[in-house]
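In listed order, ligands and their atoms are each counted from 1. Numbering of residues begins at 1 and proceeds along the displayed sequence.
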Amino acid sequence: MTISFNFAGQHVFVFGGTTGINLGIAHAFAQHGANVTVASRKQENVDAAVAALSTHGAQVLGVTADVRDFDAVGRAFATAGERFGKIDVLVSGAAGNFLAEVNQLSSNGFKVVVDIDLNGTFHVMRQAFPHLASPGASVINITAPQSVIPIRYQAHVCAAKAGVDQLTRVLAIEWGSAGIRVNAISPGPIADTEGMRRLAPKDDTSGSPVQRLVPLGRLGTTADIANLAMFLASPAASFVSGAIIPCDGGGAIDSIKPMIEGAAKEQMTHPAG
Ligand code: HXC
Ligand code: NAP
């Protein structure tokens with residue numbers, strides 16, 4: 001069976017799209033003909049992503065912006081709009097994470113993750129709206145299993161990503177009449193990513209014991225997530241909105257929870273529990 005995607009001439013904007021899973025999504029759209037904008041904080045990440053994405057022959061724009069800075073997010077969309085016009089596909093995936101139990105987490109430590117993951121998603125959504133193709137745009141937020149599974153050492157991320165899920169659902173309602181679909185992808189453990197480097201025991205970042213915890217018996221790849229993103233952006237998903245879709249090999253609760261507890265044993269002197 002062949003599934004083919006064609007995003008020729010479309011403008012795909014990936015916020016937080018310069019490394020890892022989100023960069024994988026940007027690559028997939030660039031490979032399938034889109035004009036791609038990526039944005040993140042660090043100039044070196046932006047430059048490297050633009051160079052890598054340009055190898056597909058796509059037109060690529062890189063913008064430096066922190067999702068915590070509402071005005072900078074607005075400027076990023078204005079710059080991208082001048083270059084490629086209205087946005088057909090918006091992916092919002094900037095995130096921060098580290099292991100810390102609540103009693104060891106400062107007010108600022110909790111705040112920084114909520115500011116990047118949740119408030120940052122709000123900033124991206126709020127500033128993007130005037131730049132979205134209406135009708136027709138597909139918006140994809142990147143959430144995490146922590147949004148529905150309570151996990152030790154992840155209170156900040158659990159709270160923030162639960163908010164991302166609800167923001168996604170509310171926007172699907174509010175923007176539906178503008179012909180804009182809003183969905184979220186919830187990746188499971190994805191090999192060779194920063195999330196895994198921070199949250200998996202060292203030997204497990206690209207396989208070994210964690211993959212045995214995944215019902216499908218392997219870690220995910222950035223291509224697995226990119227394929228779902230392309231489906232959500234395609235006409236095949238034209239009646240899909242307000243959905244939070246796991247892409248996790250079947251049951252993140254079986255794999256993420258013990259994985260993170262294993263990482264905490266390695267990284268923390270006295271992990272709780
Ligand atoms: C306790 C910590 C901490 C740690 C930082 N803080 N790291 N507290 N344990 N390990 C506290 C600091 O002490 C400080 O509080 C506050 O957090 C802000 O820290 P800064 O370093 O000043 O923040 P900043 O430079 O803005 O960096 C943000 C960051 C950083 C989140 C802390 O790690 C980052 O930039 N991350 C982006 C990349 C990333 O995390 N990718 C993984 C995404 S994976 P005080 O009180 O001292 O001021 C993901 C889900 C994966 O999201 C799911 C896998 C299954
Ligand atoms: P990653 O490589 O660290 O990607 C995070 C991206 O966001 C980078 O491009 C980073 O670039 C950017 N970013 C971070 N903070 C930002 C800020 N304040 N403003 C703008 N950009 C910012 O992480 P990843 O592991 O691939 O995770 C990507 C997404 O998938 C996240 O939303 C994460 O929650 C989710 N997820 C990951 C996994 C996994 O297995 N890895 C599982 C479930 C969910 P700069 O540093 O240049 O800003």
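If you number the atoms of ligand 2 from 1 as listed, the ones under 4.0 Å from a heavy atom of Gly195 come out as 25 (O), 41 (N). Near Asn45, meaning under 4.0 Å from any of its heavy atoms, are these atoms of ligand 2: 11 (O), 45 (P), 46 (O), 47 (O). Close approach to Gly20 involves these atoms of ligand 2, each under 4.0 Å from a residue heavy atom: 2 (O), 26 (O). Of all atoms in ligand 1, listed by their number and element, those nearer than 4.0 Å to a heavy atom of Gly96 are 31 (C), 36 (N), 37 (C), 39 (C), 40 (O). Close approach of ligand 1 to Ala95 is summarised as follows: ligand atoms under 4.0 Å from at least one heavy atom of the residue are 37 (C), 38 (C), 39 (C), 40 (O), 41 (N), 52 (O). Interface atoms of ligand 2 facing Ile190, defined by a heavy-atom separation under 4.0 Å, are 40 (O). Short contacts between ligand 1 and Ile256, defined as distances under 4.0 Å to a heavy atom of the residue, involve ligand atoms 55 (C). Ligand-side atoms of ligand 2 in range of Glu194: 1 (P), 2 (O), 3 (O), 23 (O), 25 (O), range being under 4.0 angstrom from any heavy atom.
Classification of the Phe77-His131 ring pair by plane angle, with boundaries at 30° and 60°, yields parallel. Classification of the Phe15-Phe13 ring pair by plane angle, with boundaries at 30° and 60°, yields parallel. Aromatic ring pairs are classed by plane angle as parallel below 30°, tilted from 30° to 60° and perpendicular above 60°; the pair Trp175 and Phe129 is tilted.
Protein heavy atom closest to atom 19 (N) of ligand 2, with residue, atom name and distance, is Val67 N, 2.9 Å. The nearest protein atom to atom 26 (O) of ligand 2, hydrogens excluded, is given as Ile21 N, 2.9 Å; this is a heavy-atom distance.
Counting only heavy atoms, the protein gets under 4.0 Å from atom 31 (C) of ligand 1. For atom 20 (P) of ligand 1, no protein heavy-atom neighbour is found at a distance under 4.0 Å. Within 4.0 Å of atom 10 (N) of ligand 1, at least one protein heavy atom is present.
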Requested in this report: Could you walk me through whether Asp165 and Thr168 pass side-chain hydrogen bond (donor to acceptor under 3.5 Å, both in side chains), step by step?
Outcome: CA-CA 5 Å; Asp165 287 7; Thr168 301; 5.5 Å; no

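Remark: distances from the non-hydrogen atoms of Arg197 to ligand 1 are all 4.0 Å or more. The closest approach between Lys111 and ligand 1 stays at or above 4.0 Å for every heavy atom of the residue. The shell of residues lying under 4.0 angstrom from ligand 1, judged by heavy atoms, excludes Met196. Residue Gly93 places a heavy atom less than 4.0 Å from ligand 2. Taking 4.0 Å as the cut-off, Leu199 counts as a neighbour of ligand 1 on heavy-atom distance. Distances from ligand 2 to the non-hydrogen atoms of Thr143 include at least one value under 4.0 Å. In this structure, Val157 does not count as a contact residue of ligand 1, since none of its heavy atoms falls inside 4.0 Å of the ligand. Not a single heavy atom of Ser186 lies less than 4.0 angstrom from ligand 2. Using a 4.0 Å heavy-atom cutoff, Lys161 is listed among the residues neighbouring ligand 2.
Where the criterion is an N or O separation shorter than 3.5 Å, residue side chain and backbone included, Pro145 fails it with respect to ligand 2. In terms of N/O distances under 3.5 Å, ligand 2 is not approached by Ile116. Polar contact with ligand 1: present for Arg68 (N/O pair, distance under 3.5 Å).
Residues Val38 and Leu53 have side chains in contact (heavy-atom distance under 4.5 Å, counting atoms from C-beta outward). Residues Gln10 and Val89 have side chains in contact (heavy-atom distance under 4.5 Å, counting atoms from C-beta outward).
Counting heavy atoms closer than 4.0 Å to ligand 1, residue Gln154 contributes nothing at all. With a 4.0 Å heavy-atom cut-off, ligand 2 is reached by the backbone of Thr18 and by its side chain too. Here Gln146 has side-chain heavy atoms under 4.0 Å from ligand 1, and that is the only part of it that gets that close.
At a cut-off of 3.5 Å, with distance as the only test, a side-chain donor of Asn97 or Gln154 sits close to an acceptor on the other residue.
Comparing heavy-atom distances from atom 7 (O) of ligand 2 across Ser92, Ala94, Ala184 singles out Ala94 as nearest. Compare Met268, Glu101, Arg198 by their heavy atoms: the one nearest to atom 33 (O) of ligand 1 is in Arg198. When the options Ala100, Ser106, Ala263, Gly20 are ranked by their closest heavy atom to atom 46 (O) of ligand 1, first place goes to Ser106. Proximity annotation for atom 20 (C) of ligand 2: of Gly24, Gly16, Ala144, Ala65, Ala65 comes nearest, heavy atoms only. Around atom 14 (C) of ligand 1, the closest heavy atom drawn from Val113, Leu99, Asn108, Ile190 belongs to Asn108. Distances from atom 42 (C) of ligand 2 to the heavy atoms of Ser40, Pro189, Gly188 put Gly188 nearest. Among Leu105, Asp248, Asn97, the residue whose heavy atom lies nearest to atom 40 (O) of ligand 1 is Asn97. Selection from Ala95, Ala48, Ala39 by nearest heavy atom to atom 33 (C) of ligand 2 gives Ala95. In this comparison of Ile142, Thr193, Ile225, the heavy atom closest to atom 30 (O) of ligand 2 sits on Ile142.
Using a cutoff of 4.0 Å between basic side-chain nitrogens and carboxylate oxygens, Glu261 and Lys257 are not scored as salt-bridged.
In this structure, Thr143 OG1 and Ile185 CD1 are separated by 10.5 Å, a value rounded to the nearest 0.5 Å. In this structure, CG in Leu199 is found 5.5 Å from CE in Met259, a value given to the nearest 0.5 Å. Between Ile253 atom CD1 and Leu213 atom CG the span is 12.5 Å, to the nearest 0.5 Å. Summarising the geometry, atom CZ belonging to Arg198 is positioned 9.0 Å from atom CZ belonging to Phe98; distances are rounded to the nearest 0.5 Å.
Side-chain atoms of Arg83 never come within 3.5 Å of backbone atoms of Thr37 as a donor-acceptor pair (strictly under, hydrogens ignored). A donor-acceptor contact shorter than 3.5 Å links the side chain of His123 to the backbone of Val67.
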